[in-house]
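Scroll down for the structure; my scribbles are underneath it.
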Amino acid sequence: MISFLVCAFNEEKNIKATIETIYNSVNKIKFINEFQIIVINDGSQDSTDKIIQEMIVKDKNITYLKNSNNLGIGKSIRKGLESVKYPKFMLIPGDNDMPVETITAALEHFNSADLVITFPINNEKRAKIRHVISKLFNLIYLI
């Protein structure tokens, strides 16, 4: 049992795919039979609200929260945490930036750790010195 918190600001092009990515990840993990997707619309000015409204009619796993204006990711997460109904939760970006493999890998450690943190790696877009600094930072962090 887990809750997914999805913060969305002007994500009309991505929010549906984000929800599908969560479902694809959960379907790969056989031991998660109950889950909740909390979508926090952070004052979007595009069609994000309309898309989510259409989705919640068909999907009972989605809990929808809406900020009247943009409050930022921190306040949106706090608002989402008030609606979490399961003992564990996972933050998922509303722009569908987290691939199925990353979510699935995190979910595989669902019962073996108190905290699992994912982070993006974009080695191909970094200068060589940034790559070296990142490796050094990772080493220091692990120590």
Side-chain angles (χ1 to χ4, degrees), residues 1-127 129-131 133-142:
M1 299 184 304
I2 187 169
S3 297
F4 297 93
L5 271 67
V6 180
C7 295
F9 177 67
N10 292 336
E11 296 296 350
E12 67 184 3
K13 295 178 182 174
N14 302 308
I15 194 65
K16 224 175 190 175
T18 301
I19 303 301
E20 289 171 8
T21 298
I22 293 170
Y23 269 97
N24 290 336
S25 300
V26 168
N27 288 336
K28 287 186 172 201
I29 303 296
K30 304 298 182 204
F31 59 85
I32 295 177
N33 52 7
E34 291 182 48
F35 64 97
Q36 166 191 33
I37 301 171
I38 302 169
V39 180
I40 306 101
N41 180 353
D42 193 17
S44 296
Q45 301 297 313
D46 62 2
S47 298
T48 301
D49 179 63
K50 180 182 176 210
I51 293 166
I52 298 169
Q53 292 284 358
E54 291 170 358
M55 293 177 76
I56 61 174
V57 170
K58 301 172 190 172
D59 191 336
K60 302 300 180 209
N61 287 329
I62 297 176
T63 301
Y64 182 44
L65 307 173
K66 182 179 177 184
N67 299 334
S68 56
N69 58 344
N70 185 273
L71 301 178
I73 192 164
K75 286 188 178 179
S76 294
I77 290 171
R78 276 187 259 150
K79 185 175 189 171
L81 288 172
E82 292 173 5
S83 295
V84 166
K85 64 181 183 181
Y86 295 121
K88 299 202 178 189
F89 69 91
M90 184 174 191
L91 299 175
I92 305 289
D95 61 358
N96 200 35
D97 192 37
M98 194 176 289
V100 170
E101 296 78 23
T102 302
I103 298 171
T104 303
L107 291 175
E108 287 173 350
H109 298 286
F110 176 77
N111 290 318
S112 62
D114 291 333
L115 178 65
V116 177
I117 300 175
T118 61
F119 58 92
I121 298 176
N122 59 345
N123 294 334
E124 68 280 351
K125 295 182 181 178
R126 293 183 177 174
I129 187 68
R130 278 204 62 205
H131 185 69
I133 291 170
S134 291
K135 289 287 186 186
L136 182 61
F137 174 81
N138 285 341
L139 178 63
I140 291 169
Y141 179 77
L142 290 173

Task: Glu11, Lys16, Glu12 screened by side-chain hydrogen bond (donor to acceptor under 3.5 Å, both in side chains) with Asn14, the one that passes - done: Glu11

Compute whether any side-chain donor of one residue and acceptor of the other, for [X] and [Y], lie under 3.5 angstrom apart.
{"X": "Asp95", "Y": "Thr18", "value": "no"}
{"X": "Tyr23", "Y": "Asp59", "value": "yes"}
{"X": "Asn24", "Y": "Thr21", "value": "no"}

Closer than 3.5 angstrom, by distance alone: can the side chain of [X] be matched with the main-chain N or O of [Y] as a donor-acceptor pair?
{"X": "Glu34", "Y": "Ile32", "answer": "no"}
{"X": "Asn70", "Y": "Asp42", "answer": "yes"}
{"X": "Thr102", "Y": "Met98", "answer": "no"}

Side chain to side chain, [X] and [Y], heavy atoms closer than 4.5 Å:
{"X": "Val57", "Y": "Glu54", "answer": "no"}
{"X": "Ile22", "Y": "Ile92", "answer": "yes"}
{"X": "Asn33", "Y": "Phe31", "answer": "no"}
{"X": "Phe4", "Y": "Phe89", "answer": "no"}
{"X": "Asn96", "Y": "Ile15", "answer": "no"}

Just how far is it from atom [atom1] of [X] to atom [atom2] of [Y], taken to the nearest 0.5 Å?
{"X": "Ser3", "Y": "Lys85", "atom1": "OG", "atom2": "NZ", "result": "7.5 Å"}
{"X": "Asn61", "Y": "Ile56", "atom1": "CG", "atom2": "CD1", "result": "12.5 Å"}
{"X": "Lys79", "Y": "Asn41", "atom1": "NZ", "atom2": "CG", "result": "9.0 Å"}
{"X": "Lys28", "Y": "Leu107", "atom1": "NZ", "atom2": "CG", "result": "11.5 Å"}
{"X": "Asn138", "Y": "Ile133", "atom1": "CG", "atom2": "CD1", "result": "12.0 Å"}
{"X": "Asp46", "Y": "Asn10", "atom1": "CG", "atom2": "CG", "result": "4.0 Å"}

On a heavy-atom basis, which atom in [X] and which in [Y] lie closest, and how many Å separate them?
{"X": "Val6", "Y": "Gly94", "value": "CG1-CA, 3.6 Å"}
{"X": "Gly80", "Y": "Leu65", "value": "CA-CD1, 3.8 Å"}
{"X": "Thr63", "Y": "Ser83", "value": "CG2-CB, 4.5 Å"}
{"X": "Tyr86", "Y": "Met1", "value": "CD2-CB, 3.3 Å"}
{"X": "Ser44", "Y": "Ala8", "value": "OG-O, 3.6 Å"}

- [ ] Might you confirm whether atom CD of Gln45 has over 12 heavy atoms from other residues, nucleotides or ligands at distances under 6.0 Å?
- [x] no

TODO: Give the intermediate values and the outcome of side chain to side chain contact (heavy atoms under 4.5 Å, CB included) for residues Ile19 and Val39.
DONE: CA-CA 9 Å; Ile19 303 301; Val39 180; 3.9 Å; yes

Task: Evaluation steps, side chain to side chain contact (heavy atoms under 4.5 Å, CB included), between Met90 and Ile103 - done: CA-CA 9 Å; Met90 184 174 191; Ile103 298 171; 4.1 Å; yes

Task: Residue list, salt bridge (charged side-chain N to carboxylate O under 4.0 Å, His left out) with Lys66, at least two apart or on another chain - done: Asp49

